[in-house]
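Numbering of ligands and ligand atoms starts at 1, following listing order. All residue numbers in this chain count up from 1 along the given sequence. These values consider heavy atoms only, across backbone and side chains, with no hydrogens, waters or symmetry-generated copies.
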Amino acid sequence: MRLFYCPACARVYYLSDYYEYVCGRVHATSVWPDGKLRRFYISGRTEINQPPWAIPTVVEERELRDQDVIETHLTACKYPEDENYGDVRRHFGYGAPGGKHLTKEQVVEKYGQFILKAVEIIP
Ligand SMILES: [Zn+2]
């Protein structure tokens with residue numbers, strides 16, 4: 001167990017250090033390093049404050065444009081072992097537009113500012 005914090009909202013959590021996590025809070029819309037106005041949600045979560053999300057190996061990301069804001073929704077891929085992700089019955093619940101599969105590493109890269117970082121404890 002270890003203390004983690006979210007670089008975006010500074011919320012602190014005490015968690016197992018076995019996983020990598022996305023902050024469980026819904027963050028305000030902001031300009032991301034790609035220069036676009038973005039906001040993201042972890043699917044199936046409606047409350048503002050939720051426990052952090054341990055990033056699964058394969059993630060389904062859906063990008064939806066709402067006027068100037070790009071909204072993304074993240075959900076765990078249910079069939080990460082599939083050789084190709086073209087079967088829309090198994091992925092994206094029948095082919096939602098704007099869908100993409102991301103590896104855990106790609107999630108960490110793209111959502112970097114919301115990935116929990118370990119608090120360094122100075123002895
Ligand atoms: Zn946060």
For atom OH of Tyr79, decide whether the heavy atoms of other residues, nucleotides or ligands shown that lie under 6.0 angstrom number more than 12. yes
What residues, two or more places apart in sequence or in another chain, satisfy salt bridge (Lys or Arg N to Asp or Glu O under 4.0 Å) together with Arg39? Glu71
In this structure, is the centre-to-centre distance between the rings of Trp32 and Phe114 below 6.0 Å? yes
When you look at CG of Asp68, are more than 12 heavy atoms from neighbouring residues, nucleotides or ligands closer to it than 6.0 Å? no
Please give me the protein atoms (N, O or S only) lying under 2.8 Å from the Zn ion (ligand 1), ordered by chain and number. Cys6 SG, Cys9 SG, Cys23 SG, His27 NE2
Flag if over 12 foreign heavy atoms under 6.0 Å of CD, Gln113: yes
Taking atom NZ as the centre, does Lys78 end up with more than 12 heavy-atom neighbours from other residues, nucleotides or ligands that are less than 6.0 angstrom away? no
